[in-house]
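Proteins come first, then strands; the chains are lettered A, B, ... in the order of their sequence lines, and each starts at number 1.
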Amino acid sequence: MSKELTKRADDYSKWYNDLVLKADLADHSAVRGCMVIKPSGYAIWENMQKTLDKMFKDTGHVNAYFPLFIPKSLFEAEEKNAEGFAKECAIVTHYRLKTDPDNPGKLMVDPDAKLEEELIVRPTSEAIIWNTYKGWIQSYRDLPLLINQWANVVRWEMRTRLFLRTAEFLWQEGHTAHATKEEAIIETKQMLDVYADFVENWMAVPVVKGVKTANERFAGADDTYCIEALMQDGKALQAGTSHFLGQNFAKAFDVKYVTKDNKQEYVWATSWGVSTRLMGALIMSHSDDHGLVIPPKLAPNQVVIVPIYKGDDGLARVSVVANDIKKKLQAKGITVKYDDRDSQRPGWKFAEYELKGVPVRIAIGERDLANGTVELARRDTLTKETVSIEGIDSLIEQLLTDIQTNLFERAKQRTQQLTTKVDSFEDFKKVLDEKTGFVLAHWDGTPETEEKIKDETKATIRCIPLNNEQETGICIYSGKPSTQRVLFARAY
RNA sequence: CGGGGUGUAGCGUAGCCCGGUAUCGCGCCACGUUUGGGACGUGGAGGCCGUCAGUUCGAAUCUGGCCACCCCGACCA
């Protein structure tokens with residue numbers, strides 16, 4: 001198989017696609033817009049899940065599972081939510097097939113098996129969950145209700161891209177219910193912090209935390225908080241969202257609780273989610289023209305050992321040392337693969353593990369056996385050095401930490417370098433076209449202006465950063481007064 | 001969903017204008033030599049040419065429908 005990757009500079013989008021396919025992360029499937037996540041890709045997703053799941057549990061949440069199907073009558077209960085997702089829903093209308101009398105061997109939908117009520121394949125689960133919560137919540141003693149589910153959802157997108165936008169995708173969605181508005185807002189922000197912590201400290205992708213404008217808000221939310229990351233090509237990617245849902249769903253599904261002083265009150269809600277889109281963010285943030293670069297904390301294999309030898313005896317001699325190193329590293333909790341396959345040569349393996357993004361590679365040959373050394377190569381910098389076997393476990397433990405830090409710092413510098421303040425619409429357009437990246441500019445706060453800027457430049461307000469610096473200025477588009485800069489970018 | 005492009009072995013391709021069942025490279029299998037950055041030799045296997053229909057004695061090649069993918073829009077996590 002040709003492993004030639006398209007260069008980022010030649011065609012970034014083609015590079016991304018090539019990389020996903022060639023690093024064996026995912027593949028297109030027989031279903032339009034739906035991908036097959038292959039073992040190499042799924043292993044990274046599993047590591048993400050494992051880490052996030054622990055973070056959710058550490059903040060008091062528990063997992064549950066709700067149905068894939070939502071009866072249409074429930075789906076439409078919260079009007080804004082229903083309206084927002086209506087255009088991209090898959091709908092089940094029948095429950096049976098039959099053999100087609102006109103086409104032997106073919107099946108047809110049995111017209112007699114039409115459902116009384118259509119079922120919507122969930123694009124998000126607020127409706128079915130809030131309908132369920134109604135039966136679970138009676139008293140303030142039942143609150144807060146802190147539930148997460150790992151699930152698949154379907155959004156019938158016009159145009160799809162592996163991981164970034166697929167018709168079916170995997171995600172987690174947290175759905176919580178609270179007695180007070182304040183508590184729900186604290187929860188919303190807490191989960192945003194959890195996401196930011198995960199994306200920055202595990203994925204090594206720096207993010208801007210902020211709040212969405214009304215235009216960009218989740219359908220059915222009072223406020224949508226988000227984390228926005230900048231990819232290598234200067235386009236923004238929404239990496240996670242946390243919604244304060246107010247009492248919208250409580251009212252739509254009539255979920256009330258009795259307070260201590262025996263009054264009926266609607267509960268306050270949040271929902272929050274991250275999806276397999278994070279895989280896209282991970283890939284686009286760190287990878288290079290040689291292939292994938294996986295941050296050590298999420299790498300299914302943190303270290304690979306490649307033996308270099310002549311003949312069976314040679315392999316046996318190298319293997320003694322390699323297995324010893326493997327054991328020492330495993331004792332430190334490091335995941336190690338010793339690739340002693342005789343079917344591929346060392347050079348082939350080097351290239352292969354670079355393509356697959358393994359953070360650290362150790363090569364051991366005769367020369368090393370004589371000197372008590374190994375060759376150590378790091379994926380992030382593509383540098384190699386010869387080091388003593390003595391104390392290699394501690395050295396690699398430190399190296400993995402260094403790589404993790406380096407990847408984050410590198411991405412952070414890039415993001416800072418690609419963040420520009422502008423004060424005129426001319427500069428705004430110029431920066432978007434020539435420099436790309438985040439653009440901080442004054443905005444008059446109206447949806448109309450936001451919409452016009454989007455129409456003319458394809459840039460959207462990614463968020464109003466949290467703890468945003470307040471400064472007086474004038475809107476770059478309308479010239480009206482403004483109190484702060486907001487974060488614009490062209491986005492995925 | 002609109003505009004443009006592509007579809008030939010696992011991957012990348014030649015052939016298509018001027019109809020006669022297919023070229024080359026990589027990969028794959030066997031054996032041997034090799035092994036410190038994608039090895040080499042010899043032999044071999046693998047294709048109803050995206051799919052369905054039409055024209056024709058005969059279709060990868062001509063015509064039409066459909067499907068998938070890529071690029072640009074609209075929509076979106």
Side-chain angles (χ1 to χ4, degrees), chain A residues 1-6 11-18 21-22 24 27-35 84-89 103 123-124 153-173 195 212 215-219 224 226-229 236-243 271-281 290-291 306-312 314-315 318 340-355 361-371 373-375 377 382 384 386 454-455 458 460 462 491-492:
Chain A
M1 196 197 316
S2 167
K3 294 286 190 180
E4 280 297 297
L5 263 185
T6 302
D11 187 341
Y12 189 81
S13 147
K14 194 164 191 298
W15 163 81
Y16 173 80
N17 250 313
D18 269 15
L21 298 175
K22 289 186 174 157
D24 237 5
D27 212 344
H28 296 287
S29 72
V31 188
R32 160 179 245 158
C34 296
M35 65 178 169
F85 285 101
K87 296 181 306 266
E88 50 191 9
C89 287
N103 287 299
T124 182
V153 286
V154 169
R155 295 182 189 176
W156 214 260
E157 301 289 352
M158 298 295 182
R159 207 173 138 201
T160 58
R161 298 195 63 193
L162 294 169
F163 290 116
L164 295 174
R165 187 177 301 111
T166 47
E168 180 195 13
F169 57 93
L170 304 184
W171 77 347
Q172 59 67 218
E173 46 183 327
Y195 287 155
K212 289 287 189 191
N215 277 355
E216 302 279 328
R217 202 175 280 157
F218 175 75
T224 287
C226 63
I227 47 173
E228 294 284 329
L237 184 78
Q238 181 174 303
T241 48
S242 184
H243 314 292
S271 71
W272 26 275
V274 293
S275 70
T276 34
R277 179 178 243 204
L278 287 180
M279 292 287 295
H290 296 266
V306 176
I308 299 161
Y309 58 91
K310 291 183 173 64
D312 291 346
L315 178 58
V318 171
D340 61 352
R341 286 178 299 170
D342 193 39
S343 53
Q344 304 295 352
R345 300 168 79 254
W348 189 92
K349 292 178 185 173
F350 293 167
E352 185 69 8
Y353 290 113
E354 258 158 36
L355 180 63
R361 185 184 71 233
I362 298 173
I364 310 173
E366 293 287 343
R367 215 158 65 197
D368 296 303
L369 293 184
N371 300 335
T373 58
V374 298
E375 182 187 81
L382 291 168
K384 296 188 286 197
T386 300
K454 184 181 173 185
D455 287 346
K458 289 178 223 157
T460 49
R462 302 316 304 156
Y492 276 98

**Asked** Which one, B:rC70, B:rG73, B:rG36, comes nearest to the side chain of A:Lys458?
**Response** B:rG73

**Quiz item: A:Gln344 side-chain donor-acceptor pair to B:rG38 base, under 3.5 Å** = no

**Item:** From B:rC76, B:rC71, B:rG36, nucleotide with atom closest to A:Arg367 side chain
**Value:** B:rG36

**Request:** Take the protein atom CG of A:Leu5 and the nucleotide atom P of B:rG12, then report the distance between them rounded to whole Å.
**Result:** 13 Å

**Prompt:** Which value, in whole Å, describes the distance between the P atoms of nucleotides B:rU61 and B:rC26?
**Reply:** 29 Å

**Prompt:** Among residues 160-168 of chain A, which residues get a heavy atom nearer than 4.0 Å to RNA chain B?
**Reply:** A:Leu164, A:Arg165, A:Thr166

**Request:** Could you tell me whether A:Phe169 contacts a base, only the sugar-phosphate backbone, or nothing, with contacts defined as non-hydrogen atoms closer than 4.0 Å?
**Result:** base

**Nearest to side-chain heavy atoms of A:Glu157, which nucleotide of B:rG36, B:rC70, B:rC75** = B:rC75

**Asked** Rounded to the Å, how far apart are A:Trp348 CH2 and B:rG27 C1'?
**Response** 11 Å

**Asked** Which part of the nucleic acid, if any, lies within contact of A:Arg361, taking any heavy atom under 4.0 Å across all strands shown: a base, the sugar-phosphate backbone alone, or nothing?
**Response** base

**Asked** With sequence neighbours left out, what residues match A:Trp171 under ring pair (Phe, Tyr, Trp, His ring centres under 6.0 Å)?
**Response** A:Phe169

**Atom-pair distance (CD on A:Glu352; P on B:rA39), nearest Å** = 12 Å

**Request:** Please state whether the phosphate of B:rA39, meaning OP1 or OP2, lies under 4.0 angstrom from any side-chain nitrogen or oxygen of A:Arg345.
**Result:** yes

**Item:** Candidates B:rG38, B:rG36, B:rC75 - which lies nearest the side chain of A:Ala351
**Value:** B:rG38

**Message:** Checking A:Phe218 now: which residues fulfil ring pair (Phe, Tyr, Trp, His ring centres under 6.0 Å) with it, not counting sequence neighbours?
**Reply:** A:Phe85, A:His243

**Asked** Which part of the nucleic acid does A:Gly33 contact within heavy-atom distance under 4.0 Å: base, sugar-phosphate only, or nothing?
**Response** sugar-phosphate

**Message:** For the backbone of A:Ile364 and the side chain of A:Tyr309, can you confirm whether one donor and one acceptor N or O come within less than 3.5 Å of each other?
**Reply:** no

**Request:** Please answer whether the main-chain N or O of A:Cys34 pairs with a side-chain N or O of A:Ser29 as donor and acceptor at a distance below 3.5 Å.
**Result:** yes

**Request:** For A:Asp11, answer base if it contacts any base atom (sugar-phosphate contacts may also be present), sugar-phosphate if it contacts only those atoms, and nothing otherwise; contact means non-hydrogen atoms under 4.0 Å.
**Result:** nothing

**Message:** Using a strict threshold of under 4.0 Å (side-chain N to carboxylate O), is an ion pair present between A:Arg367 and A:Glu375?
**Reply:** no

**Fill in**
Whole-Å distance, A:Arg159 CZ to B:rA68 C1', equals 15 Å

**Nucleotide B:rC70, atom C1' - distance to OH of A:Tyr12 in whole Å** = 18 Å

**Request:** Give the rounded distance in Å between these two atoms: NZ of A:Lys87 and C1' of B:rC1.
**Result:** 13 Å

**Prompt:** Base, sugar-phosphate, or nothing: which does A:Gly311 touch, judged by heavy atoms less than 4.0 Å apart?
**Reply:** base

**Request:** Go through the structure and list residues passing side chain to side chain donor-acceptor pair (under 3.5 Å) with A:Thr160, not counting sequence neighbours.
**Result:** none

**Complete:** Base-paired stretches in RNA chain B with three or more consecutive Watson-Crick or G-U pairs, both distances under 3.5 Å, amount to B:1-7 with B:67-73, B:10-12 with B:24-26, B:28-33 with B:39-44, B:50-54 with B:62-66

**Prompt:** Just how far, in rounded Å, is C1' of B:rC69 from OH of A:Tyr16?
**Reply:** 16 Å

**Prompt:** Please give, in whole Å, the distance from B:rC70 P to A:Met158 CE?
**Reply:** 16 Å

**Item:** Any residue meeting side chain to side chain donor-acceptor pair (under 3.5 Å) with A:Gln344, in chain and number order, not counting sequence neighbours
**Value:** none

**Request:** Between B:rG36, B:rG73, B:rG37, spot the one nearest the side chain of A:Glu375, thanks.
**Result:** B:rG36

**Asked** Considering only the C1' atoms, how many Å lie between B:rC62 and B:rG15, rounded to the nearest integer?
**Response** 16 Å

**Request:** Between B:rG37, B:rU35, B:rG38, spot the one nearest the side chain of A:Lys384, thanks.
**Result:** B:rG37

**Request:** Just call it for A:Gln238: base, sugar-phosphate, or nothing, with non-hydrogen atoms closer than 4.0 Å on any strand.
**Result:** sugar-phosphate

**Asked** Taking the P atom of each, how far is B:rC69 from B:rA60, in whole Å?
**Response** 26 Å

**Asked** Does a side-chain N or O from A:Ser13 land closer than 4.0 Å to OP1 or OP2 of B:rC70, or not?
**Response** no

**With A:Asp11 via side chain to side chain donor-acceptor pair (under 3.5 Å) - residues at least two apart** = none

**Residue A:Glu88, side-chain heavy atoms: nucleotide from B:rU35, B:rC76, B:rC71 that is nearest** = B:rC76

**Complete:** Ranking B:rC70, B:rG37, B:rC75 by distance to the side chain of A:His28, first place goes to B:rC70

**Message:** Could you work out, with side chain to side chain donor-acceptor pair (under 3.5 Å) as the rule, every residue matching A:Tyr353, not counting sequence neighbours?
**Reply:** A:Lys337, A:Asp339

**Message:** Go nucleotide by nucleotide along RNA chain B from the 5' end; which of A:Lys349 and A:Arg32 gets its closest nucleotide reached first?
**Reply:** A:Lys349

**Message:** Please find the pair of heavy atoms, one from A:Asp27 and one from A:Leu21, that lie closest to each other, and give the distance.
**Reply:** OD1-CD2, 3.6 Å

**Fill in**
Of the listed B:rU35, B:rC71, B:rC75, the closest approach to the A:Lys454 side chain comes from B:rC75

**Partners meeting ring pair (Phe, Tyr, Trp, His ring centres under 6.0 Å) with A:Tyr492 (sequence neighbours left out)** = none

**Asked** What integer number of Å spans the C1' atoms of B:rG50 and B:rC70?
**Response** 15 Å

**Message:** Could you tell me how far B:rA39 sits from B:rG27 if I compare only their P atoms? Round to whole Å.
**Reply:** 8 Å

**Asked** Counting only heavy atoms not in A:Asp312, do more than 12 fall under 6.0 Å of its CG?
**Response** no

